[in-house]
Amino acid sequence: MKTRLPIAVCFVFGLFTLFQYFTADPTLESIYKEILDWMQIIFVFTLLVGVVSLAKIHSEKLIKKRTDWPYSILTILGIVVMAFLGFAYGTDWGTPFLWIFMNIQVPMQSTMFALLAFYVASAAYRGFRFRNREASVLLITALIVMMGRIPLGHMISDIIPGTAEWIIDHPSVAAKRGILIGIGLGSITTALRVILGIERSYLGGKGA
Amino acid sequence: MISNIMASAQADGEAVSAFLHPERIPILIGTLIALIIFFAYTYLARRGGLKIRKVSGLDAVDEAIGRATEMGKPVLFTPGWGGDIQRPTTIAALNILNLVAQKTASYNCDLIFPTHDPVIMSAAEETVQNAYINAGHPDLYKPDNIYYTTSSQFGYAAAVDGAISRIKPATVMLLGTFEAEALILAETGNSVGAMQIAGSDSTIQLAFFLVACDYTLIGEELFAASGYLSQDQEVISSIKAQDIMKIIIAVILVAGTIAATLGFEQVAEWVV
């Protein structure tokens with residue numbers, strides 16, 4: 001029953017969603033919109049499950065003084081303070097909730113994003129080394145594309161930006177489309193396997 | 001009489017277009033063809049003996065878990081920030097998670113699963129718990145190892161980054177839908193010396209994974225993983241059906257290209 005019910009629910013809703021995509025029937029479209037609304041409602045409840053799980057894990061870590069427990073104080077403090085401020089003063093402009101969000105969370109997020117530049121540099125260093133034939137092709141291609149995108153490339157020769165554009169527009173797009181076709185077909189067959197109950201691994205295996 | 005037949009046909013056409021989106025009919029035809037191929041191969045699967053080509057990234061899963069077990073360190077598996085439970089990539093990631101969890105249960109190796117989505121967390125809890133039961137080691141299942149971090153993209157990246165830096169897992173599996181956090185996670189995994197297996201449906205992030213990870217599942221390999229790892233004939237049959245669909249698409253593309261080259265623009269437009 002524990003497996004059959006989710007598979008049955010998946011089959012009915014999966015088939016309905018697939019069918020309604022093709023139909024122009026207003027009744028079916030309104031049912032579909034209703035389902036989407038319900039999904040939003042369910043998501044809000046599951047968010048609560050996530051926050052409870054997070055609070056539980058960090059409370060236990062704090063109480064049992066496990067490794068790195070001081071970080072848990074910050075996490076719990078963050079959850080409690082932000083929830084209190086949100087409920088007490090709202091989330092509009094000028095409220096303490098939004099002030100903390102704009103002055104603590106946003107800069108921290110920007111810092112994480114900024115790290116990406118350094119990671120790109122270190123990954124590029126490893127990826128573009130002359131290790132073998134493929135890596136050499138990658139290095140030369142990357143050099144042409146990068147040179148074609150900066151004024152120095154234009155100054156050296158107009159062939160460089162033209163070649164860079166050609167690489168981006170043709171071989172690169174062809175490779176991307178090849179991968180995307182694979183991804184699209186993979187998505188379709190995975191969806192069909194799930195709808196038809198052939199794929200049950202996500203429920204813990206065939207015998208689950 | 002002819003006018004009556006014409007009027008009847010027109011009325012039928014209008015009834016169909018009132019019930020079906022006319023612009024989606026070609027997609028419907030494509031879907032029906034896909035379904036026929038899919039069912040034909042599922043029927044063929046009963047005979048058994050279907051095989052798929054070797055995928056080095058998936059062959060490395062055993063090696064990666066074995067390495068973690070030998071080192072006495074955990075395996076960290078995360079499905080990325082970009083997906084939700086409706087996305088086939090997430091389902092594919094959960095399918096792989098199930099098989100990975102069965103192996104970590106057998107080897108008595110810890111499996112850590114941080115995620116940004118509470119629904120994925122609940123599904124992963126169920127998946128891993130059942131995998132541990134199926135592997136015959138329900139006692140080894142640790143519910144605290146599957147946890148929600150935050151829905152914020154870089155908050156999630158920071159949380160997973162922190163976990164990788166502190167725990168120093170022997171193996172990191174980045175399988176699912178990744179966006180800008182992909183390289184941040186992959187480079188952190190690389191910096192702690194973890195063996196990394198990655199796969200995503202984003203062509204942009206795949207480029208980052210290729211340079212930062214040991215093995216990368218490209219395109220449909222991520223979706224084929226559960227069939228490849230479990231050797232389930234029904235799942236493999238659907239992968240075979242996928243290959244047939246790919247051949248059909250390739251033929252259509254070549255036909256369209258030839259038509260366009262020969263100047264049959266209308267035919268090319270209709271085909272492509």
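Below, chains carry the letters A, B, ... as their sequence lines are ordered, and counting in each starts from 1.
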Proximity breakdown for [X] and chain A, heavy-atom pairs closer than 4.5 Å:
X: B:Asp243; answer: neither
X: B:Thr90; answer: neither
X: B:Asp84; answer: neither
X: B:Phe38; answer: side chain
X: B:Ala157; answer: both
X: B:Ile249; answer: side chain
X: B:Tyr132; answer: neither
X: B:Thr115; answer: neither
X: B:Gln86; answer: side chain
X: B:Ser191; answer: neither
X: B:Leu206; answer: side chain
X: B:Phe39; answer: side chain

Which one wins on heavy-atom pair count under 4.5 Å against chain B: [options]?
options: A:Ala191, A:Gly184, A:Gly182; result: A:Gly182
options: A:Leu138, A:Thr189, A:Thr75; result: A:Thr189
options: A:Leu185, A:Ile188, A:Leu18; result: A:Leu185
options: A:Thr111, A:Leu115, A:Thr67, A:Val120; result: A:Val120

[atom1]/[X]: more than 12 non-hydrogen atoms of other groups inside 6.0 Å:
X: A:Phe16; atom1: CZ; value: yes
X: B:Arg24; atom1: CZ; value: yes
X: B:Ile248; atom1: CD1; value: yes
X: A:Phe43; atom1: CZ; value: yes

Specify the closest pair of heavy atoms between [X] and [Y], including all atoms of both residues, with the distance to one decimal.
X: B:Ile184; Y: A:Met112; result: CD1-O, 3.4 Å
X: B:Ser200; Y: A:Ile183; result: O-CD1, 4.3 Å
X: A:Ala24; Y: B:His21; result: CA-NE2, 3.9 Å
X: A:Glu60; Y: B:Asp144; result: OE1-OD2, 3.1 Å
X: B:Ala180; Y: A:Leu116; result: O-CD1, 3.5 Å

Within the structure provided, determine whether [X] and [Y] are in side-chain contact (heavy-atom separation under 4.5 Å).
X: A:Phe22; Y: B:Ile25; value: no
X: A:Ile181; Y: B:Glu220; value: no
X: B:Ser237; Y: A:Ile198; value: no
X: B:Thr188; Y: A:Tyr119; value: yes

In terms of heavy-atom pairs under 4.5 Å, which option from [options] contacts chain A the most?
options: B:Thr150, B:Val119, B:Ile27; result: B:Ile27
options: B:Asp117, B:Leu28, B:Asp201; result: B:Leu28
options: B:Met245, B:Lys246, B:Met121, B:Arg166; result: B:Arg166

Chain B contact via [X] - which portion, at a heavy-atom distance below 4.5 Å:
X: A:Thr190; answer: side chain
X: A:Leu192; answer: both
X: A:Phe19; answer: side chain
X: A:Leu196; answer: side chain
X: A:Tyr21; answer: both

Exercise. With no hydrogens and no angle check, is any side-chain donor or acceptor of A:Arg193 less than 3.5 Å from a backbone partner on B:Ser238?
Worked result: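 Checking the backbone N and O of B:Ser238 against the side chain of A:Arg193, no donor-acceptor pair under 3.5 Å is found.
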For this session: With a 4.5 Å heavy-atom cut-off (strictly below), which parts of residues 48-57 of chain A touch chain B? List them by number.
Result: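 Result: A:Val49, A:Gly50, A:Val51, A:Ser53, A:Leu54, A:Lys56, A:Ile57.
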For this session: Working to the nearest 0.5 Å, report the span between OG of A:Ser187 and CG of B:Leu222.
Result: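 Output value for this atom pair is 9.0 Å.
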